[in-house]
Amino acid sequence: MKQNLQLYNTISRKKEVFEPLHAPHVGMYVCGPTVYSDVHLGNCRTFISFDLIFRYLKYSGYKVRYVRNITDAGHLEGDRDEGDDKFAKRAKLEQLEPMEIVQKYTLGFREVMGMFNTLPPSIEPTATGHIIEQIEMIKTIIANGYAYEVDGTIYFDVEKYSKQYNYTILTNRNLEDMLANTRELGGQDDKHGRLDFALWIKAKPETLMQWVSPWGMGFPGWHIECSAMSAKYLGQEFDIHGGGMDLAATHHTNEIAQSEACSHHQPAKYWMHTNMLTVNGTRMSKSAGNGFLPGELFTGNHPLLRKGYSPMTVKFFMLQAHYRSTLDFSNDALDASEKGFRRLMNALSLLPKLVASEQGEVEIDPIRVNCENAMNDDFNSPVVIAELFEAARIINTVYDGATKINSTELDKLKNLMNDFVVDVFGLKDEDTSNAELNDVLDMVIALRKEAKENKDYATSDLIRVGLQNIGIQLKDSKEGTTWSKS
RNA sequence: GGUCGAGUGGCCGAGAGGCUUAGGCUCAGCUCUGCAAAAGCUGCUACAGCGGUUCGAAUCCGCUCUCGACCUCCA
């Protein structure tokens, strides 16, 4: 187990040494998607980042329980704690049951995450599956005096809570100003203070998703599900809580408040937030209408895209930036990542063909140390990629016979590439070659070889250019001709 | 207005007081090659601006300019 991992904690606003509460076990909770519509690329970035963290923690020897929820109830359109929730609205639009909406977009989400080759979480709980736990938690919060009922709706009393606890611990905002501002703006609400938020919301007769509670028919507020489910599966105190940066100010702030009001201590030791994906400098979001859907991305069928990009290209593109930096989505950047990724994959495919020498002139250990140091420094994947390109250069020069490697170092090289490219990054080659195509191309290459031997370069070039035009690139070498999709 | 963060070479993107010319892409040249492609080598040496601290600053401090996120639903 590595004891020198450092990660950035939003609460302290600095990097801290990672010390799990119960090593070697690590509990990590990440706020998952609200499944009322297709995920867009910005959503994916967060989950790809936490997949990287999950994978590296496992690489480091930790036994990780990774919980990522599916929000399938209680997420309202605005923060007014009134009106229908997003599922009901979408259900009306698509003329489906709310749970059909949930099912449809849950499956879609998992399919996309599968294409990005992310690992499934250890537990993927849903809000609707944990209504009882949420009700129990709300009852405790009321009993502890931090919530009040108004006509079947339960509100969290932020002002009272803030007298004993630090409500703005995550964002460092000035609570006095916030309270002052919101008092002026309020008025027609049932809440005592506009900072107060709903734990449980009274259902109208026509509300599609509603449950029995001590306060009548209703449904849970958005924030309570994460507090209830993280406590259930990871305990009242666990190691890492993560999510997108946009969740810190409201959702995570309220989660901490709920948990403290219930159990009197903070739920998570480390809070990690991933930065936003931007398009032309502004945040990709559903409401702004600048989000790419997976299908649009892969086919290139979108006004802002010149062409399509494969899931692995996009994932590689994301890993080339640090998770706490904004990342701007552009065609030029994607093109560069596509070529870089191909280069890395080509090197990887040469690895089994390398031949060891008696004497070697390269050492692999320093590269692994650099990779681990980079990951231990708050999961700095861009630096790891730079190291992997150094390894790729070694692979290429060994393959060309320009560098010699002994068998010990060759094994280390293979292990290094497997550990970081496959296990930690979850990257894989996407060449969708099949046996039939292989056979056909072998035959074509044999014909071209014959033409070349007869110095019939007109024919050999005809074959090469013809294949190139349909996206297959031939590469001649001393050992023969190979091909790849270009 | 408040809170936080960012401005790095043609592009993307790490670094955070001296010893990275990070890395990828692009471009130019060379090697290899029947021609290509791939690969390798070489070159393009940047840190928004102005001051300050320091023997030394992209990296610390101050000011200025520009941009973004959050403070309203959003990963």
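Convention: sequence-line order gives letters A, B, ...; per-chain numbering from 1.
Among B:A75, B:C71, B:G40, the nucleotide with an atom closest to any side-chain atom of A:A249 is B:C71. Picking from B:C12, B:G68, B:G15 the nucleotide with the shortest atom distance to the side chain of A:T282 gives B:G68.
Taking side-chain N and O atoms only, A:R342 has no distance below 4.0 Å to OP1 or OP2 of B:A38. For B:A39, neither phosphate oxygen OP1 nor OP2 lies less than 4.0 angstrom from any side-chain nitrogen or oxygen of A:N396. Side-chain N/O atoms of A:T278 include none lying less than 4.0 angstrom from OP1 or OP2 on B:A69.
Under 4.0 Å is where a charged nitrogen must lie from a carboxylate oxygen, and between A:D72 and A:K86 no such pair does. Here A:R464 does not pair with A:D476 in a salt bridge; the nearest charged N to carboxylate O distance is not below 4.0 Å. The pair A:R55-A:D51 meets the salt-bridge criterion, with a side-chain N (NZ, NE, NH1 or NH2) lying under 4.0 Å from an Asp/Glu carboxylate O.
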Q. Reading nucleotides 24-37 of chain B 5' to 3', which nucleotides get B (base under 4.0 Å from a protein heavy atom), which S (sugar-phosphate only), which -?
A. BSS-------BBBB
Q: Report, as a single string ordered 5' to 3', how protein heavy atoms within less than 4.0 Å touch nucleotides 2-9 of chain B: B base, S sugar-phosphate only, - not at all.
A: -SS-----
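When rounded to the nearest whole Å, the span between CZ of A:R306 and P of B:C12 equals 13 Å.
In this structure, A:L344 reaches neither bases nor backbone, as no heavy-atom distance under 4.0 Å exists between it and the strands shown.
Separating the C1' atom of B:U26 from that of B:C19 is a span of 29 Å, rounded to the nearest Å.
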Q: Would you sort out whether A:Y8 and A:H273 count as a side-chain contact (heavy atoms from CB on, under 4.5 Å), showing the intermediate values?
A: CA-CA 9 Å; A:Y8 183 89; A:H273 290 98; over 6 Å; no
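Proximity of the aromatic rings of A:F109 and A:F47 is defined here by a centroid distance below 6.0 angstrom, and this criterion is met.
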